[in-house]
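Notes follow the structure.
For the single chain, residues carry numbers from 1 onward in sequence order.
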Amino acid sequence: MTDLIRKGEGQPLRDAMERRGVTQAELAARTRAVDVRGRGVSLATVSKVTGSGRTAVEQCRLRTAWLIATALDEPLQDHFDMPTVSTDTVKGCKAHGDSDPR
């Protein structure tokens, strides 16, 4: 599964939250509203993705990033970058780059 990397240690996300006047709890609730499954992103995960300090994370799943950006009504690419190397591809490759024929 592809993970995205948050930009600016999450500062663009925090700025967007401030512009929208939403807390982490309100953002988590908004992700449930935009999720077709109705599950959204937990408050704990929103806190890790949008936060700073020791508990913050630099990467999250594509779906998590999409739900957060959509709930903020902001473009995904304003807040997240793709990793430079796909870990999905690397796992199936030999050291010299040829894929495993199995």
Side-chain angles (χ1 to χ4, degrees):
M1 184 168 289
T2 300
D3 285 348
L4 298 185
I5 302 166
R6 67 186 187 152
K7 290 184 176 180
E9 297 178 336
Q11 189 60 53
L13 288 165
R14 292 187 294 278
D15 291 344
M17 290 171 61
E18 187 174 334
R19 280 192 302 276
R20 300 281 187 266
V22 297
T23 64
Q24 290 173 330
E26 291 167 335
L27 180 55
R30 285 182 176 209
T31 65
R32 285 188 291 283
V34 299
D35 185 358
V36 295
R37 299 177 194 167
R39 294 179 59 197
V41 179
S42 71
L43 174 56
T45 300
V46 167
S47 296
K48 290 176 186 177
V49 174
T50 63
S52 60
R54 291 184 321 123
T55 59
V57 296
E58 292 306 315
Q59 295 184 20
C60 67
R61 293 182 176 163
L62 171 61
R63 184 172 189 279
T64 299
W66 182 84
L67 287 170
I68 289 173
T70 301
L72 288 169
D73 195 27
E74 301 240 339
L76 181 69
Q77 63 272 17
D78 286 0
H79 303 287
F80 297 93
D81 283 324
M82 292 292 293
T84 55
V85 175
S86 171
T87 55
D88 292 338
T89 304
V90 172
K91 288 177 186 175
C93 293
K94 294 181 182 179
H96 54 74
D98 292 336
S99 56
D100 190 349
R102 287 184 274 159

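When every heavy atom of Ala28 is checked against every heavy atom of Val41, the shortest pair comes out as CB-O, 3.5 Å. Here the closest heavy-atom approach between residue Arg30 and residue Ala71 is recorded as NH1-O, 3.5 Å. What you find for Asp78 and Lys7 is that their closest heavy atoms are O-CD, 3.7 Å. Contact detail for Gly51 and Ala56: the closest heavy-atom pair is O-CB, 3.5 Å.
Here the straight-line distance linking atom OG1 of Thr23 with atom CE of Met17 works out to 6.5 Å at 0.5 Å rounding. Interatomic distance, Leu13 CG to Glu18 CD, rounded to the nearest 0.5 Å: 13.0 Å. Separation of atoms CZ (Arg61) and CG (Asp3) is listed at 7.5 Å; rounding is to 0.5 Å.
Of the charged side-chain nitrogens involved, none lies within less than 4.0 Å of a carboxylate oxygen, so that Arg20 and Glu26 do not count as a salt-bridged pair.
Contacts of Arg37 classified as side chain to side chain contact (heavy atoms under 4.5 Å, CB included), with partners at least two apart in sequence or in another chain: Asp35, Arg39, Arg63. Taking Asp15 as the reference, Gln11 meet the side-chain hydrogen bond (donor to acceptor under 3.5 Å, both in side chains) condition, with sequence neighbours excluded.
Residues Trp66 and Val46 are members of one and the same hydrophobic cluster, defined by side-chain heavy-atom contacts under 4.5 angstrom among Ile, Leu, Val, Met, Phe, Trp and Tyr. Following chains of ILVMFWY side-chain contacts shorter than 4.5 Å, one cannot reach Leu43 starting from Leu72, and the two form parts of different hydrophobic clusters.
The shortest side-chain heavy-atom distance between Glu74 and Pro12 does not fall under the 4.5 Å cut-off. You'll find the side chain of Met82 reaches within 4.5 Å of the side chain of Leu4, heavy atoms only. Glu9 is listed as a side-chain neighbour of Glu58, based on a closest heavy-atom distance under 4.5 Å.
Put simply, the side chain of Arg6 never gets that close to the backbone of His79: no donor and acceptor are under 3.5 Å apart.
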Would you check, one step at a time, whether the test side chain to side chain contact (heavy atoms under 4.5 Å, CB included) holds for Ile68 with Thr45?
CA-CA 10 Å; Ile68 289 173; Thr45 300; 5.7 Å; no

List the steps, then state whether side chain to side chain contact (heavy atoms under 4.5 Å, CB included) holds for Val49 with Phe80.
CA-CA 11 Å; Val49 174; Phe80 297 93; 4.0 Å; yes

Checking Leu62 against Leu76 for the side chain to side chain contact (heavy atoms under 4.5 Å, CB included) test, could you report, in this order, the C-alpha distance in whole Å, the side-chain angles of both residues, the deciding distance, and whether it holds?
CA-CA 10 Å; Leu62 171 61; Leu76 181 69; 4.1 Å; yes

